[in-house]
Amino acid sequence: RIFALAGFAAVRDGLSLAYFQSCGQTPRLASDLAWLWQRPALQTVPRRRRAIGLNFIDYFRTSTQNETAHQAYCDSLLRMLERHGTEFDFHLVVLQRGIGQRDDWFDEAFRARVPQGNVFYVDGAAALGLALSHLDAIVTTRFHLALLAARENIPTCIIDHELKLTSLAQD
């Protein structure tokens, strides 16, 4: 009903567009507001190896509370770090610390396993710029981190966990 009362509506992905069109509504497909971010100029930090930023929401702690699955998830990430730790430098990028769809559940285990890696707590544009200046690539479950990295020509792998994120990533 709210949508029907709106004078103008925009959606950011093809799935939402198709859904509302099937309901007889006519929204506009628009860019995500993250593209409007006024970013500071990045100064790439010198490094000896390619640096990969990691950012994962632990859905076994936020959506489906399951301690066994959470531990398996953390163990899997730690094995990945161990397997590739001699060829890449890894850093953790945290966008939500202690709130919302937290992506800070892994920071303690990361610090223990990768003491030379940075943990970037992104709470604003300057912190995001600092994190991105240290990275050659990003692996994330967060769509907006992928968008912001793309603006800096940083290759990004989006690990999707739902159909909507798949659609956004494809768009």
Side-chain angles (χ1 to χ4, degrees), residues 12-15 30-63 69-70 72-171:
R12 65 179 184 171
D13 65 278
L15 284 178
S31 295
D32 194 284
L33 294 177
W35 291 112
L36 298 176
W37 173 53
Q38 298 298 313
R39 67 199 188 279
L42 291 186
Q43 300 297 319
T44 302
V45 174
R47 42 196 166 263
R48 57 187 174 89
R49 296 188 298 187
R50 291 184 50 89
I52 299 176
L54 304 174
N55 171 271
F56 302 108
I57 298 170
D58 184 350
Y59 292 99
F60 302 113
R61 285 287 174 100
T62 61
S63 297
H70 164 73
Y73 163 82
C74 286
D75 292 344
S76 177
L77 290 175
L78 292 171
R79 282 192 304 276
M80 184 264 311
L81 290 171
E82 189 173 291
R83 189 169 43 247
H84 298 289
T86 58
E87 53 188 310
F88 300 106
D89 289 331
F90 289 99
H91 304 289
L92 199 62
V93 180
V94 175
L95 298 184
Q96 287 187 330
R97 183 171 23 170
I99 60 167
Q101 289 288 350
R102 295 175 58 175
D103 49 15
D104 63 345
W105 291 106
F106 187 60
D107 57 355
E108 191 174 309
F110 177 84
R111 285 183 192 277
R113 185 62 59 99
V114 188
Q116 73 280 11
N118 293 308
V119 177
F120 296 103
Y121 295 103
V122 176
D123 58 1
L128 177 61
L130 178 66
L132 294 178
S133 70
H134 281 79
L135 303 175
D136 295 302
I138 292 178
V139 179
T140 184
T141 56
R142 286 200 175 276
F143 176 69
H144 285 99
L145 180 58
L147 275 184
L148 295 168
R151 286 195 64 184
E152 300 303 324
N153 295 316
I154 297 173
T156 303
C157 174
I158 301 174
I159 298 176
D160 58 347
H161 56 279
E162 62 183 356
L163 191 55
K164 183 174 181 178
L165 184 56
T166 301
S167 176
L168 286 166
Q170 288 173 339
D171 288 347

task: Look only at the side chain of Thr141 and the backbone of Ile57, and say whether a donor-acceptor pair between them is shorter than 3.5 Å.
output: yes
- request: Please report the C-alpha distance between Val45 and Leu130 in whole Å, then the side-chain angles of each, then the deciding distance to 0.1 Å, and finally whether the side chain to side chain contact (heavy atoms under 4.5 Å, CB included) criterion is met.
  value: CA-CA 9 Å; Val45 174; Leu130 178 66; 5.6 Å; no
query: Quick one: side chain to side chain donor-acceptor pair (under 3.5 Å) pairs with a partner in residues 45-54, sequence neighbours left out?
result: Arg47-Asp136, Arg49-Asp89
Nearest-0.5 Å distance, CD of residue Gln96 to CH2 of residue Trp105: 12.5 Å
query: For the atom pair CG (Leu78) and CZ (Phe110), what is the distance rounded to the nearest 0.5 Å?
result: 10.0 Å
task: Considering non-hydrogen atoms only, spot the tightest contact between His84 and Phe90 and give its length.
output: O-CE1, 3.7 Å
field: side chain to side chain contact (heavy atoms under 4.5 Å, CB included) assessment of Met80 paired with Leu54
entry: CA-CA 11 Å; Met80 184 264 311; Leu54 304 174; 3.9 Å; yes
field: Heavy-atom closest pair, residues Thr156 and Ala146
entry: CG2-CB, 3.5 Å
message: Could you report the tightest heavy-atom contact between Leu132 and Glu152, atom names first, then the distance?
response: CD1-CG, 3.9 Å
- line: Value for CG (Asp103) from CZ (Arg97), rounded to nearest 0.5 Å, stands at 10.5 Å
message: Less than 4.5 Å apart, side chain to side chain, heavy atoms only: is that true for Ile154 and Leu148?
response: no
query: Which pairs count as salt bridge (Lys or Arg N to Asp or Glu O under 4.0 Å) when at least one residue sits in residues 74-84, sequence neighbours excluded?
result: Glu82-Arg113
query: For Ala112 and Pro115, which heavy atoms make the closest approach, and how far apart are they?
result: O-CD, 4.0 Å
message: Would you compute the distance between atom OG1 of Thr140 and atom CD1 of Ile158 and round it to the nearest 0.5 angstrom?
response: 7.5 Å
- line: So the salt bridge (Lys or Arg N to Asp or Glu O under 4.0 Å) pairs with at least one residue in residues 114-135 (sequence neighbours excluded) are none
query: Do Asp58 and Phe56 come within less than 4.5 Å of each other through their side chains, counting heavy atoms only?
result: no
- request: Look at the side chain of Asp104 and the backbone N and O of Val94, then say whether any donor-acceptor pair between them is shorter than 3.5 Å.
  value: no
task: Taking Asn55 for its side chain and Val93 for its backbone only, find out whether a donor-acceptor pair lies under 3.5 Å.
output: yes
Heavy-atom closest pair, residues Ala149 and Ile138: CB-CD1, 3.6 Å
- request: Mark yes or no for whether Ser76, through its side chain, and Tyr73, through its backbone, hold a donor-acceptor pair below 3.5 Å.
  value: no
- prompt: Any idea how Phe120 and His134 line up, ring-wise: parallel (<30°), tilted (30 to 60°), or perpendicular (>60°)?
  reply: tilted
